[in-house]
There are 2 protein chains.
Amino acid sequence: MSRRDEVLQAALDLLDEVGLDSLTTRRLAERLGVRPGALYRHFDSKRALLDAMVDVVIGGGSEVDDGPPQPTKDTWDEQIRTIATGARAAMLTHRDGARLVVTHLLPGPRAEPGVAQLAWETMLTILRPTGLSEAGAAGVIDTIFAYVNGFTIEEQARDGFPQPAERRALRDQGFAIGLDLILTGVRAKMKSV
Amino acid sequence: MSRRDEVLQAALDLLDEVGLDSLTTRRLAERLGVRPGALYRHFDSKRALLDAMVDVVIGGGSEVDDGPPQPTKDTWDEQIRTIATGARAAMLTHRDGARLVVTHLLPGPRAEPGVAQLAWETMLTILRPTGLSEAGAAGVIDTIFAYVNGFTIEEQARDGFPQPAERRALRDQGFAIGLDLILTGVRAKMKSV
DNA sequence: ACCTGAACACCGTTCAAGT
DNA sequence: ACCTGAACACCGTTCAAGT
């Protein structure tokens, strides 16, 4: 494990302890037993550190190694459900995970060719054989990510970290219900084409 | 216009100019020609100021005066569409409006009996006569707000402020498509009960 | 390669004192 | 009622210098 990864791991631990708003470079340095300036040998800026944290959260450490999506016998809606559920679960693994991801994934000069792009294209691949137009499929994917992100930001703001187990179960249910609403809408749209 | 309202208005102007991350009490004080400490006569904390800004953004200055929702001949889905579209439009009136609202609306000891609660209950009133159970209706409302918030946070991060007019038109279309997906799902759910 | 020491330009907030 | 002056405990970041 490189020193850079140790710093990154410490940052994620600190995030879970104090939350995104209290995650400062100075606190992180203190936790590492080091002066604040020393961090800048490993990350160009706090922003770069947060970007690396985002990659860990949404990467989950496996998708990239697994390569492109495996062919399955699952129906398209089961596959979409799996991806959406996995995205929420990934963001829930760290405190303020959704806010971290949504706020730091898109903006900046970073062209963002990463795991997020990969998830997007995976969904497109799943939807392409369904008869939906390219633009129609894009609209569906945007809708699902908007829902996943909005849902998860809200629950993390409300519930704190970690979620109590039975609260989590309740939210899992609520999430599935909303997702099914959307997927039902998609099915209707497919039939009407 | 009270001095407090002048400070609040200046804060909203500053937000549009520099964005939420650069909105500092010191910059706001400078813009008002005043020392930073002077702000604390009008707002207990920056948090209190941000809360007041949220109220302006989502209140839009009219809902409360208008009193409870007017009875209309619109169908339930047209009414829901109006509220959801209005919520997005309200957040788009200021730079980072969605992030401001979503991040500062829920947390904290603030019980949050405000315009948000009112919008939620309005939706419940709209959905009650449709035959949906109370829990079912709550699930629908949560889904719609998750979608609206997620969609708007994302577009504001991507597009900047203000959105170019034809970009806005494109996003209006995309928003309507996703919303219709959800509403179609709700219709199907109603039929199956 | 990694860190220290020390600085720089910032933050939010408090509070006595002025007008 | 509203603001100043001055302080306090923080921020992110840079950079020569050490080991």
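Model, not experiment: these values are computed from the prediction. All heavy atoms count here, side chains included; hydrogens, waters and symmetry mates do not.
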Out of D:dT4, D:dG12, C:dG12, minimum distance to the side chain of B:Val34 belongs to D:dT4
For the CD atom on A:Glu30, are there more than 12 heavy atoms of other groups (residues, nucleotides or ligands in this structure) within a distance under 6.0 Å? no
Check the distance between D:dT13's P and A:Arg47's CZ and give it to me in whole angstrom. 11 Å
Considering heavy-atom distances to DNA chain D, does B:Gly33 or A:Thr24 have its closest nucleotide positioned more toward the 5' end? B:Gly33
CA sep, side-chain torsions, deciding dist, call: B:Gln79, B:Thr82, side-chain hydrogen bond (donor to acceptor under 3.5 Å, both in side chains): CA-CA 5 Å; B:Gln79 291 179 269; B:Thr82 300; over 6 Å; no
Report the residue from A:Asn149, A:Thr152, A:Asp172 that forms a side chain to side chain donor-acceptor pair (under 3.5 Å) with A:Arg88. A:Asp172
I need the A:Arg3 CZ to A:Leu32 CG distance, nearest 0.5 Å. 5.5 Å
Nearest-angstrom distance from the residue atom CZ of A:Arg26 to C1' of C:dT4: 14 Å
Value in whole Å for how far the P atom of C:dT14 lies from CG of B:Leu39: 12 Å
Rounded to whole Å, please give me the gap between CG in A:Leu28 and P in D:dT13. 12 Å
In whole angstroms, how far is the P atom of D:dA9 from the CD atom of A:Glu30? 15 Å
Which dot-bracket string fits DNA chain C when only Watson-Crick or G-U wobble pairs with both atom distances under 3.5 Å count, crossing pairs get [ ], and | stands for a partner on a different strand? ||.|||||...|||||.||
Do the side-chain N or O atoms of B:Arg35 get closer than 4.0 angstrom to the phosphate oxygens (OP1, OP2) of D:dG5? yes
Could you give the CZ-to-C1' distance, from B:Phe43 to D:dC2, as a whole number of Å? 14 Å
Enumerate, atom names and distances included, each donor-acceptor pair closer than 3.5 Å involving a side-chain atom of residues 134-146 of chain B, sequence neighbours excluded.
residue, atom, partner, partner atom, Å
B:Glu134, OE1, B:Arg128, NH1, 3.2
B:Glu134, OE2, B:Arg128, NH1, 2.9
B:Thr143, OG1, B:Gly139, O, 2.7

Please give, in whole Å, the distance from C:dG12 C1' to B:Asp21 CG? 16 Å
So do A:Trp76 and A:Ile80 actually touch side chain to side chain, heavy atoms under 4.5 Å? yes
Phosphate OP1/OP2 of C:dC3: any A:His42 side-chain N/O under 4.0 Å: yes
Under a 4.5 Å cut-off applied to non-hydrogen side-chain atoms, are B:Ile182 and B:Arg187 in contact? no
Tell me which of A:Arg41 and A:Pro36 sits closer to the 5' end of DNA chain D, going by the nucleotide each one is nearest to. A:Pro36
A:Thr130 side-chain N/O to A:Leu127 backbone N/O, donor-acceptor pair under 3.5 Å: yes
Tell me: CZ of B:Arg31 to C1' of D:dC3, nearest whole Å? 19 Å
If you take any heavy atom closer than 4.0 Å to DNA chain C, which residues from residues 3-10 of chain A end up in contact? A:Arg3
Looking at the side chain of A:Ala38, which of C:dG12, D:dC11, C:dT4 is the nearest nucleotide? C:dT4
Within less than 4.0 Å of OP1 or OP2 of C:dT13, is there a side-chain N or O belonging to B:Tyr40? yes
Between A:Arg171 and A:Phe151, is NZ or CZ placed under 6.0 angstrom from the six-membered ring centre and within 45° of the ring axis? yes
Tell me if the CG atom of A:Asp13 is crowded by more than 12 foreign heavy atoms within 6.0 Å. yes
